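Inspection log for the structure reproduced underneath, given as structure tokens.
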Amino acid sequence: MKKALITGLTGQDGSYLAEFLLSQGYQVYGLVRRSSTSNLERITHFSDNIQIVSGDLLDQSSLMDVMNECQPDEVYNLASQSYVPISWTQPTLTAEYTAVGVSRLLESIRRCKPNARFYQASSSEVFGQPDESPQTERTAFRPRNPYGVAKAYAHWMTVNYRQKYNLYACCGITYTHESPRRGTEFVFRKVTQAAAQIKLGLVNTLKLGNLEARRDWCYAKDVVYAMWLMLQQEQSDDYIIASGETHSVRELVEYAFNCVGLNWQNYVFVDPAFYRPDEPIQLIGCIDKIKTQITWQPQYSFKQLIELMVDYELKKLTNNY
């Protein structure tokens with residue numbers, strides 16, 4: 001039985017990855033801070049099948065203790081402060097967890113379990129405002145917010161540990177990915193939830209920022225499958241994980257409201273307060289490498305993902321889910 005250690009277990013990606021690994025017969029460990037107040041809602045339905053271990057990305061010794069205790073075959077680092085606006089108000093905390101925390105984790109693997117395979121969750125935010133579109137694995141990093149800067153540090157530390165110490169270490173440069181387990185502060189979930197609420201008469205309006213902002217969106221379940229595939233290859237490498245196409249917030253809103261039979265223009269209003277500073281320009285991932293080398297591509301389309309999430313919200317709000 002393979003053993004896997006997941007940091008960020010209680011997040012969207014961590015919960016889906018844990019479910020998938022359990023279905024593959026893994027023994028799954030989840031790293032959780034002892035004083036954590038994280039919402040455990042995402043993992044309650046399978047929490048009896050995983051082992052929670054105490055550790056903190058800020059504490060080198062606790063990570064080494066976990067490595068020695070669990071002796072994992074695979075380590076997936078999905079933990080970070082991942083909300084871009086917060087990275088501007090808490091840049092140092094973002095750096096400690098999202099950047100330096102990865103150095104501590106890599107060092108713990110090197111010292112305690114050097115044959116473990118390591119996955120680092122990189123991000124399209126490392127590209128910032130790229131000089132080419134779509135981006136490839138060779139596109140220059142030009143991060144434009146503290147979160148992107150922290151992810152760039154973590155990415156290159158992973159690459160350097162692979163080269164210096166011959167660790168099996170991969171970076172998945174993930175673009176925006178969504179699911180019903182996504183936080184409601186993120187626009188995709190915010191829109192699909194609001195469409196269902198308005199349909200049911202629970203709220204009357206939805207305020208959004210820039211409707212012309214475009215994202216490369218895909219389904220979180222597709223993304224975690226790519227993570228796992230990356231660690232099953234003979235050689236470790238870095239890959240972009242994306243849909244390979246962009247859609248605007250306006251398209252998202254229009255289709256989500258179509259799913260509930262409403263005209264979005266009667267309910268949605270633009271509020272400049274929701275505009276993101278330094279809005280990324282044309283972040284779209286080229287997935288040729290991952291399609292060719294490990295035969296991965298998204299299984300859910302943009303519209304299928306919206307339908308899935310609106311349906312989830314309707315069922316949840318009517319207590320049918």
Side-chain angles (χ1 to χ4, degrees), residues 6-8 11-14 16-17 57 76-88 90-91 93-103 105-106 118-160 169-179 181-183 185-189 213-220 222-227 230 237-244 246 276-287 289-290 296 298:
I6 302 172
T7 74
Q12 168 187 255
D13 294 1
Y16 280 122
L17 178 62
L57 291 180
Y76 297 86
N77 181 40
L78 310 182
S80 72
Q81 190 301 103
S82 59
Y83 190 45
V84 170
I86 293 295
S87 77
W88 284 109
Q90 298 183 348
L93 182 67
T94 299
E96 283 289 347
Y97 276 107
T98 308
V100 184
V102 178
S103 293
L105 191 53
L106 285 163
F118 176 68
Y119 174 86
Q120 166 58 23
S122 193
S123 166
S124 61
E125 290 288 341
V126 299
F127 296 126
Q129 189 170 3
D131 54 9
E132 62 181 357
S133 185
Q135 295 82 52
T136 73
E137 289 80 4
R138 294 182 175 274
T139 299
F141 287 6
R142 298 170 61 189
R144 301 182 72 217
N145 55 62
Y147 171 71
V149 171
K151 281 293 189 181
Y153 173 97
H155 181 104
W156 287 118
M157 285 301 291
T158 302
V159 172
N160 275 267
C170 301
C171 293
I173 306 175
T174 56
Y175 283 64
T176 310
H177 46 288
E178 310 292 340
S179 77
R181 299 180 190 174
R182 183 73 145 154
E185 69 272 23
F186 295 95
V187 68
F188 206 103
R189 177 82 191 281
R214 302 185 71 85
R215 296 284 184 276
D216 183 326
W217 277 299
C218 56
Y219 186 25
D222 286 338
V223 169
V224 300
Y225 180 58
M227 296 175 185
M230 286 172 60
D237 205 348
D238 308 318
Y239 298 91
I240 283 176
I241 306 173
S243 71
T246 64
R276 273 179 58 172
D278 297 322
E279 187 73 34
I281 306 299
Q282 283 301 297
L283 285 180
I284 174 174
C286 173
I287 57 174
K289 180 179 177 180
I290 195 168
W296 176 90

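Because only heavy atoms are used, hydrogens play no part in the values below, and waters and symmetry mates are left out as well, while side chains stay in. Bear in mind that the values here come from a model prediction, so they are computed numbers and not experimental data.
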How close do [X] and [Y] get, counting heavy atoms only, and between which atoms?
X: Thr139; Y: Pro130; value: CG2-CB, 4.4 Å
X: Pro143; Y: Ala152; value: CG-CB, 4.4 Å
X: Gln12; Y: Ser179; value: OE1-OG, 2.8 Å
X: Ala150; Y: Ala95; value: CB-CA, 4.3 Å
X: Ser133; Y: Ile284; value: OG-CG2, 3.0 Å
X: Gly172; Y: Ile241; value: CA-CD1, 4.1 Å

Calculate, to the nearest 0.5 Å, the distance between atoms [atom1] and [atom2] belonging to [X] and [Y] respectively.
X: Leu283; Y: Tyr175; atom1: CG; atom2: OH; answer: 6.0 Å
X: Tyr147; Y: Thr98; atom1: OH; atom2: OG1; answer: 6.5 Å
X: Thr176; Y: Arg182; atom1: OG1; atom2: CZ; answer: 6.5 Å
X: Leu57; Y: Tyr97; atom1: CG; atom2: OH; answer: 7.0 Å
X: Ile287; Y: Trp296; atom1: CD1; atom2: CH2; answer: 5.5 Å

- Item | side-chain hydrogen bond (donor to acceptor under 3.5 Å, both in side chains), paired with His177, selected from Asp216, Asp13, Asp222 | Asp13

- In this structure, which one of Thr158, Asn77, Asp238 forms a side-chain hydrogen bond (donor to acceptor under 3.5 Å, both in side chains) with Gln120? Asn77

- Side-chain touch Tyr119/Met230, heavy atoms, less than 4.5 angstrom: yes

- Message: Between Leu17 and Tyr76, is there a side-chain heavy-atom distance shorter than 4.5 Å?
- Response: yes

- Under 6.0 Å between ring centres, would you say that holds for Phe141 and Trp156? yes

Given 3.5 Å as the limit, does a donor-acceptor pair link the side chain of [X] with the main chain of [Y], or not?
X: Arg142; Y: Gln129; result: yes
X: Thr7; Y: Leu78; result: yes
X: Glu137; Y: Ile240; result: yes
X: Thr174; Y: Ser122; result: yes
X: Gln135; Y: Ser124; result: no
X: Arg214; Y: Thr246; result: yes
X: Lys151; Y: Ile173; result: no

- Item | Qualifying residues under salt bridge (charged side-chain N to carboxylate O under 4.0 Å, His left out), relative to Glu132, sequence neighbours excluded | none

- With sequence neighbours excluded, what pairs up with Asp237 under the side-chain hydrogen bond (donor to acceptor under 3.5 Å, both in side chains) test? Lys289

- Message: Could you check whether Ser103 and Tyr153, counting side-chain N and O atoms only, form a donor-acceptor pair closer than 3.5 Å?
- Response: yes

- Message: Cation-pi check for Tyr16 against Arg181: NZ or CZ below 6.0 Å from the six-membered ring centre and within 45 degrees of the axis, yes or no?
- Response: yes

- Message: Is it true that, when you exclude Phe186 itself, more than 12 heavy atoms of the residues, nucleotides or ligands shown sit nearer than 6.0 Å to its CZ?
- Response: yes

